[in-house]
Protein chains: 2
Amino acid sequence: MDLIAVVVAVTDHAPSVLTVGPANALPSGPFELGHRSLQFGLRTWVEQQTGHQLGYIEQLYTFADRDRIGEERQQRVISISYLALTRAEHAAGSAKRAWRSWYDYFPWEDHRSGAPSLISGILQPRLLAWANGAGQDVERRERLQRAAIAFGFDGRDWNEELVLQRYELLYEAALVEEATRASEQGGSILISGTSMIADHRRILATGIARLRSKIKYRPVVFELMPPVFTLLKLQRTVEALSGRLLHKPNFRRLVEQQDLVEETGETTADTVGRPAKLFRFRHAVLDERVAAGTKLPLSRA
Amino acid sequence: MDLIAVVVAVTDHAPSVLTVGPANALPSGPFELGHRSLQFGLRTWVEQQTGHQLGYIEQLYTFADRDRIGEERQQRVISISYLALTRAEHAAGSAKRAWRSWYDYFPWEDHRSGAPSLISGILQPRLLAWANGAGQDVERRERLQRAAIAFGFDGRDWNEELVLQRYELLYEAALVEEATRASEQGGSILISGTSMIADHRRILATGIARLRSKIKYRPVVFELMPPVFTLLKLQRTVEALSGRLLHKPNFRRLVEQQDLVEETGETTADTVGRPAKLFRFRHAVLDERVAAGTKLPLSRA
DNA sequence: TTCAATTATGCTCCAAGTGAGTATAATAGA
DNA sequence: TCTATTATACTCACTTGGAGCATAATTGAA
């Protein structure tokens with residue numbers, strides 16, 4: 001039984017993921033008898049292994065691949081993956097681990113300067129070719145539609161939450177390195193981002209998708225912020241995570257009217273332009289607020 | 001390694017969960033080597049065990065309790081829980097299993113006829129007593145706030161998604177039978193709903209919460225509907241799941257403007273009053289639509 | 001000293017979405 | 001024929017979210 005962690009921090013406009021070893025791998029370790037619980041086990045050895053105190057931890061997914069068979073005992077290896085949020089400063093240095101921007105692994109996911117040319121230049125034509133290579137006509141149309149929805153072709157909106165769907169499409173179309181491992185044909189077209197060992201990039205995609213979704217209805221961003229920050233810093237962090245730019249006045253309105261932060265009374269001094277007020281997270285909201293957001297047409301009756 | 005299933009169907013205004021054995025238990029079984037994947041394993045033996053074809057399946061949570069220790073080998077038992085949706089008619093009869101309304105287990109969750117008197121009559125005073133029994137004043141206030149948010153005290157809105165939080169509060173306050181098992185004091189006040197073996201009621205609460213949340217942004221209700229239905233039937237199903245009443249005109253508007261259904265051309269004949277048009281689910285939406293719902297103040301720039 | 005550049009902050013507008021109520025249509029049964 | 005009952009359509013007010021503009025406060029260069 002393995003525990004695998006997607007540990008995320010945001011440093012200077014780059015959303016980073018913690019990797020270990022020379023190859024690109026997510027930190028992982030066995031679940032041991034001494035551990036009080038799964039979460040506690042994860043917390044323990046991530047701190048041992050990387051010197052990182054984890055703040056927010058959330059379970060992602062449990063899987064048991066066919067490939068993942070233990071050697072001696074005839075037993076399937078189960079992997080339980082987690083998403084963890086922390087701040088990069090929390091760590092002491094070590095040669096074995098490194099922070100790396102998650103856009104190294106998913107370059108098509110960063111739309112802060114518009115849609116990357118990688119998409120229209122390379123991914124789109126190859127995905128279309130893959131779709132048209134389908135045997136049946138129904139299958140062909142289905143592939144075209146999936147690609148169009150996931151990547152926003154044909155004038156569709158970009159949906160930043162579809163990280164996993166996009167990765168899976170590229171995998172099926174053999175446009176990521178992992179897809180060509182099993183077959184003997186070997187590295188045909190290694191265009192799309194840095195790959196990781198085993199299925200770690202897929203797990204990372206799951207984590208990013210979960211985080212991009214979660215920041216919209218739970219105040220988890222603050223786990224990635226220093227104790228005191230400006231509203232623009234907060235905005236830049238959300239932008240780094242979601243991979244898109246936000247409308248400044250509306251972002252402030254959203255944050256303020258939800259009472260997520262309070263002024264410290266101080267202002268920044270080190271920047272150009274008008275000094276910004278400094279804020280801190282109102283920890284009380286963690287108790288007060290609960291994910292509201294009903295989409296059902298309720299009746300008061 | 002165990003797989004545990006929360007199998008849900010809706011029959012005649014009652015949201016039902018599939019239980020097995022004389023005691024109240026969720027169907028569960030071991031994950032075996034022959035199984036292609038976890039989901040496949042679950043599907044296989046639920047069908048064997050209960051004769052039920054499962055439609056939609058979704059992983060809930062994986063846990064490894066301290067209590068859950070295997071006998072011979074010194075190894076922790078891992079449980080992976082799933083939410084599965086089906087239709088009650090899909091099954092052949094069997095003495096070993098039974099459908100049971102989930103409001104038998106959580107009577108405080110059904111608000112279709114207003115807030116149950118159980119809440120204000122029994123739960124609220126006992127929860128307040130429990131909160132006031134806290135040692136420290138901070139702890140006391142925290143308990144009061146948690147209870148108020150979860151159950152909608154002090155004029156707060158009822159949030160139907162907080163199923164798990166409510167169950168956990170009642171557990172902490174020793175108002176459900178499960179809480180008194182470990183201690184020797186034994187059955188003090190078994191007021192709150194039918195209990196289940198081990199932690200199955202907690203898993204059921206997780207499943208209900210997930211489903212109540214999911215119906216708001218994904219068209220999963222249709223997994224519980226017959227192929228053809230009226231809009232009112234559909235509404236009643238959603239109401240059964242969410243435990244609250246919906247506004248009829250607005251519910252129709254929501255369903256229609258999202259193009260979730262299409263007319264069959266037929267109408268009902270067997271009912272009183274004006275015959276209703278019959279609809280079927282537009283399966284195409286599963287491909288077309290993707291959970292939209294952005295809450296970030298995006299910028300087109 | 002003045003002005004341009006830059007960042008911060010506050011405000012308005014408009015369109016879409018959502019809660020709520022009302023009106024009309026079509027059936028069965030008294 | 002009238003009444004009860006269910007279905008269906010429409011209107012209205014209010015909130016929310018995207019977008020743009022105006023003003024404030026600072027730094028640094030002309």
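Since the model is a prediction, treat every value here as computed from it, not as a measurement. Proteins get letters first, then strands, A, B, ... in listed order; numbering begins at 1 in each.
Looking at heavy atoms from C-beta onward, B:L127 lies in side-chain contact with B:F153 at the 4.5 angstrom threshold. Between A:F151 and A:Q124 the shortest side-chain heavy-atom distance does not fall below 4.5 Å.
Each end of the helix from C:dT1-D:dA30 to C:dA30-D:dT1 gets its own rotation axis from five pairs of C1' atoms, and the angle between them is 20° to the nearest 10 degrees.
Put simply, the side chain of B:R253 and the base of C:dG17 share no donor and acceptor less than 3.5 Å apart. If you check distances only, the side chain of A:H247 does reach the base of D:dG20 with a donor-acceptor pair under 3.5 Å.
Atom CD in B:E266 sits about 17 Å away from atom C1' in D:dA7, given to the nearest Å. To the nearest angstrom, C1' of C:dG10 lies 10 Å from NZ of A:K277. One interatomic measurement links the two molecules: CG of A:L254 to C1' of D:dA19, which rounds to 15 Å at whole-angstrom precision. Spacing between atom CG of A:L245 and atom P of D:dA19 amounts to 12 Å, rounded to whole angstrom units. Across the protein-nucleic acid pair, A:L246 atom CG and D:dA19 atom P stand 11 Å apart, rounded to whole Å. A:Q257 has its CD atom 14 Å from the P atom of C:dC11, to the nearest Å. Residue B:Y217 contributes atom OH, which lies 20 Å from atom C1' of C:dG17 at whole-angstrom precision. In this structure, B:K216 atom NZ and C:dG17 atom P are separated by 19 Å, rounded to whole Å.
With 3.5 Å as the limit, one finds no donor-acceptor pair spanning the side chains of A:Y167 and A:Q165.
For B:E256, the salt bridge (Lys or Arg N to Asp or Glu O under 4.0 Å) partners are B:R252, not counting sequence neighbours. For the salt bridge (Lys or Arg N to Asp or Glu O under 4.0 Å) test, no residue two or more places apart in sequence or in another chain qualifies with A:E223. Contacts of A:E262 classified as salt bridge (Lys or Arg N to Asp or Glu O under 4.0 Å), with partners at least two apart in sequence or in another chain: A:R280.
The side chain of B:R252 has D:dA7 as its nearest neighbour among C:dA20, D:dA7, D:dG18. The side chain of B:N250 approaches C:dG19 more closely than any other nucleotide in the set C:dG19, C:dG21, D:dG17.
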Please tabulate the protein-to-nucleotide N/O contacts below 3.5 Å involving nucleotides 2-7 of chain C, giving atom names and distances.
from, atom 1, to, atom 2, distance (Å)
C:dT7, O2, A:R274, N, 3.4

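Atom CZ of B:R143 has more than 12 heavy atoms from other residues, nucleotides or ligands within 6.0 Å.
For residues 226-238 of chain B, the salt bridge (charged side-chain N to carboxylate O under 4.0 Å, His left out) pairs, not counting sequence neighbours, are B:R236-B:E239.
Remark: A:R126 fails to qualify as a cation-pi partner of A:W108 under the 6.0 Å distance and 45° angle criteria applied to the six-membered ring.
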